[in-house]
Amino acid sequence: MDAINGSQHNDALIIAGRTFQSRLIVGTGKYKSFQENADCIAASGADMVTVAVRRVNLERGPGKDESLLDYIDSAKYFLLPNTAGCYTAEEAIRTAHLGREVGLSTWVKLEVIGDQATLYPDVQATLEATRVLVRDGFTVLPYTTDDVVFAKRLLDAGASAVMPLGAPIGSGLGIQNPANIRILREMITTVPLIVDAGVGTASDAAFAMELGADAVLMNTGIAAAQNPILMAEAMKNAVRAGRQAYLAGRMPKKLYATASSPLEGVVR
């Protein structure tokens, strides 16, 4: 059975030539403990996990303080360093290089924040950092706005994915501009489109996938739930269901009713 017929096995997510079986990417912040974080990652079914380079203890081994990295099996999960907390292109570039130097990855989820209240990205600084990091040999996945013009500029700069926000980071508001996500889906066809930020519950994740997103990245939606482990499982199922619904193609919307059982052929 192929992807269009609904098979999840033949519908893998491919980014920069690397294959991922899950279309859910999860973060590692805001959890009550490292163990809870690890349990949620397992429940989510994700195989890519983001790690904030500036917020995690990179020194591991005997005599060192406990680190989140002690709880994540790098043989099982693909670690995606991110530049969370960076407010300039220079900071983000330096942080990405640090992540590579300590052996995390040559990939980076690029975040350059432009406004502290909304955590919206600084698009110009993001573009500048993307150009530099691609030139330096990184696989760059930039967090950006849902502006299709700017998304195309990121592609021209060598980005391996486009990651528009659904709503402000940590807001849980869900997809605020579905029309923009649809436009991006139509225009961005050479790299994955990953909705990043704003997902608050399972229906938000399913909606993002139904709009055509290739994947969803989330953190607070799971970590801030009353039962994070259960929410992680819900998000896993929602992403799968949303993807299947997108591939299946929904019925057209109609203003008036259409009988489920036609009257033709009815015995009178």
Side-chain angles (χ1 to χ4, degrees), residues 13 22-31 37 40-41 43-46 48-50 52 80 82 84 109-111 113-121 123 126 141-148 150-151 154 161-188 192-253:
L13 172 66
S22 174
R23 291 177 179 270
L24 175 59
I25 306 168
V26 295
T28 52
K30 304 182 181 180
Y31 287 92
N37 195 168
C40 286
I41 293 171
S44 75
M48 187 191 303
V49 179
T50 68
L80 177 63
N82 72 51
K109 182 204 168 188
L110 178 62
E111 295 182 30
I113 301 302
D115 179 70
Q116 193 168 14
T118 63
L119 299 182
Y120 265 55
V123 291
T126 299
L141 284 60
Y143 160 67
T144 184
T145 63
D146 55 11
D147 182 337
V148 68
F150 189 71
L154 288 170
V162 172
M163 304 179 72
L165 53 84
I169 292 174
S171 69
L173 289 172
I175 309 301
Q176 294 298 291
N177 292 303
N180 284 17
I181 301 299
R182 287 192 176 100
I183 291 170
L184 283 167
R185 175 67 293 163
E186 289 186 7
M187 299 293 184
I188 305 301
L193 176 67
I194 303 172
V195 169
D196 177 15
V199 171
T201 192
S203 57
D204 298 334
F207 186 41
M209 297 302 293
E210 288 173 9
L211 290 172
D214 292 297
V216 178
L217 192 156
M218 66 184 71
N219 185 86
T220 310
I222 296 174
Q226 294 182 30
N227 186 331
I229 296 174
L230 186 58
M231 184 60 81
E233 186 174 357
M235 293 297 192
K236 172 182 67 177
N237 294 332
V239 167
R240 288 177 176 173
R243 177 64 177 176
Q244 288 178 320
Y246 174 72
L247 293 176
R250 66 156 294 143
M251 63 168 284
K253 294 181 180 181

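Just so it is clear, the values below take in all heavy atoms, side chains as well, and ignore hydrogens, waters and symmetry mates. All figures in this text were calculated on a predicted structure; none of them were measured in a lab.
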Query raised in the report: So how far is it from Leu141 CG to Asp196 CG, rounded to the nearest 0.5 Å?
Result: 9.5 Å
Query raised in the report: CG of Asn82 to CE of Met163: how many Å apart, nearest 0.5 Å?
Result: 9.0 Å
Requested in this report: Output yes when a side-chain donor or acceptor of Ser44 lies under 3.5 Å from a complementary backbone atom of Lys236, and no otherwise.
Outcome: no
Query raised in the report: What's the shortest heavy-atom distance between Ile229 and Ala43, and which atoms?
Result: O-CB, 3.7 Å
Report task. Go through Leu165 and Tyr143 one step at a time and tell me if the side chain to side chain contact (heavy atoms under 4.5 Å, CB included) criterion holds. Result -> CA-CA 7 Å; Leu165 53 84; Tyr143 160 67; 3.3 Å; yes
Query raised in the report: Quick one: salt bridge (charged side-chain N to carboxylate O under 4.0 Å, His left out) pairs with a partner in residues 216-233, sequence neighbours left out?
Result: none
Which donor-acceptor pairs under 3.5 Å do the side chains of residues 197-215 make with protein atoms, sequence neighbours left out?
residue	atom	partner	partner atom	Å
Asp204	OD2	Gly200	N	2.9
Asp204	OD2	Thr201	N	3.1
Asp214	OD1	Arg185	NH1	3.3
Asp214	OD2	Arg185	NH1	2.7
Asp214	OD2	Leu193	N	2.8

**Report entry** Distance, nearest 0.5 Å, that separates CG of Leu184 from CD of Glu186
**Finding:** 10.0 Å
Report task. Identify the heavy atoms of Ala46 and Val26 that sit nearest to each other, and give their distance. Result -> CB-CG2, 3.9 Å
**Report entry** Atom pair CG/CD1 of Asn227 and Ile222 - distance to nearest 0.5 Å
**Finding:** 11.5 Å
Report summary line: Residues passing the side-chain hydrogen bond (donor to acceptor under 3.5 Å, both in side chains) test with Thr220, sequence neighbours excluded, are Lys30
**Report entry** Nearest-0.5 Å distance, CZ of residue Phe150 to OG1 of residue Thr145
**Finding:** 7.0 Å
Query raised in the report: How many angstroms lie between CG in Leu24 and CD1 in Ile41, if you round to the nearest 0.5 Å?
Result: 10.5 Å
Query raised in the report: Do you know the tightest heavy-atom contact between Ala225 and Gly221?
Result: CB-O, 3.9 Å
Query raised in the report: Asn219 side chain to Gly29 main-chain N or O, any donor-acceptor pair under 3.5 Å?
Result: yes
Query raised in the report: Does Asn177 use its side chain to pair, donor to acceptor, with the backbone of Asn180 at less than 3.5 Å?
Result: no
Requested in this report: Using side-chain contact (heavy atoms from CB on, under 4.5 Å) as the criterion, point out the one residue from Val216, Ile25, Val162 that pairs with Ile194.
Outcome: Ile25
Query raised in the report: Given side chains that start at C-beta, do those of Val123 and Asp147 come closer than 4.5 Å, heavy atoms only?
Result: no
